[in-house]
Amino acid sequence: MELKKIILIVYMAYLIILSLATYILYASDKSRAKRGVRRIPEKTLLLTSFLGGAFGGYSAMLTLRHKTKGEHRYFTFVNLLGIIVHTALVLLIIFVFKF
């Protein structure tokens with residue numbers, strides 16, 4: 001198999017797994033907030049979103065209505081920025097890099 005395809009498959013698997021994990025983190029934080037127990041730190045949610053889980057983070061924000069109020073606009077920004085960055089990296093692997 002071509003090196004470019006291997007890199008793309010591994011990177012896409014990384015994005016999918018981290019997005020699922022990020023969605024679960026957001027859902028867990030929402031559940032914890034409703035129960036009034038210790039929450040997941042915002043920096044953990046933001047970091048997992050930016051490092052590749054932005055698709056899951058943004059999906060959780062929309063479906064669970066979590067971190068969508070005005071004082072949490074930076075969550076929307078970080079998730080959308082993460083989506084842009086990781087989409088650009090996928091496109092770079094596909095169309096630019098010549099392995």
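Shown here for S19 and G52, the closest heavy-atom pair between the two residues is OG-O, 3.5 Å. Here the shortest heavy-atom pairing between G57 and S49 reads CA-OG, 4.1 Å.
With values rounded to the nearest 0.5 angstrom, F55 atom CZ is found 8.0 Å from H86 atom NE2. Of the inter-residue distances, the one linking L46 atom CG with T22 atom OG1 reads 10.5 Å to the nearest 0.5 angstrom. With values rounded to the nearest 0.5 angstrom, M12 atom CE is found 11.5 Å from I17 atom CD1. Atom-to-atom distance recorded for Y11:OH and I16:CD1 is 11.5 Å, nearest 0.5 angstrom. Here the NE2 atom belonging to H66 is positioned 14.0 Å from the OG atom belonging to S59, to the nearest 0.5 angstrom. A distance of 13.0 Å separates NZ in K30 from CD1 in I40, rounded to the nearest 0.5 Å.
Residues V90 and L15 form a side-chain contact, since some pair of their non-hydrogen atoms from C-beta on lies under 4.5 Å apart. For the pair L25/D29, no side-chain contact is recorded, criterion being any heavy-atom separation below 4.5 Å from C-beta on. For the pair Y26/M61, a side-chain contact is recorded, criterion being any heavy-atom separation below 4.5 Å from C-beta on. Using a 4.5 Å heavy-atom threshold, the side chains of T76 and Y58 count as touching.
Taking the six-membered ring for Trp and thresholds of 30 and 60 degrees, F75 and H72 have ring planes more than 60 degrees apart, a perpendicular arrangement.
The environment of OH in Y23 is crowded: more than 12 heavy-atom neighbours from other residues, nucleotides or ligands sit within 6.0 Å. In the displayed structure, R38 atom CZ is contacted under 6.0 Å by at most 12 heavy atoms of other residues, nucleotides or ligands. More than 12 heavy atoms of other residues, nucleotides or ligands sit less than 6.0 Å from atom CZ of R32.
In the hydrophobic clustering of ILVMFWY residues, with side-chain heavy atoms under 4.5 Å counting as a link, L47 and F77 come out together. Cluster annotation: L64 is not connected to L18 through the hydrophobic network of ILVMFWY side chains, with a link wherever side-chain heavy atoms come within less than 4.5 Å. L3 and L89 fall within a single hydrophobic cluster, where Ile, Leu, Val, Met, Phe, Trp and Tyr side chains are chained together by heavy-atom contacts under 4.5 Å. Hydrophobic clustering (side-chain heavy atoms under 4.5 Å, transitive across Ile, Leu, Val, Met, Phe, Trp, Tyr) groups L80 together with V78. Under the 4.5 Å side-chain heavy-atom criterion for grouping Ile, Leu, Val, Met, Phe, Trp and Tyr, F97 is connected to I94 within one hydrophobic cluster.
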Evaluation steps, side-chain contact (heavy atoms from CB on, under 4.5 Å), between L51 and Y14: CA-CA 10 Å; L51 292 179; Y14 164 79; 4.0 Å; yes

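Checked by atom type and distance alone, the side chain of K67 never pairs as donor or acceptor with a backbone atom of A60 at under 3.5 Å. A donor-acceptor pair is defined here as one N or O able to donate and one able to accept, closer than 3.5 Å; no such pair exists between the side chain of T87 and the backbone of I84. Proximity of a side-chain donor or acceptor of S31 to a complementary backbone N or O of A27 within less than 3.5 Å is not detected.
Between the side chains of Y74 and N79, no donor-acceptor pair is found at a separation under 3.5 Å.
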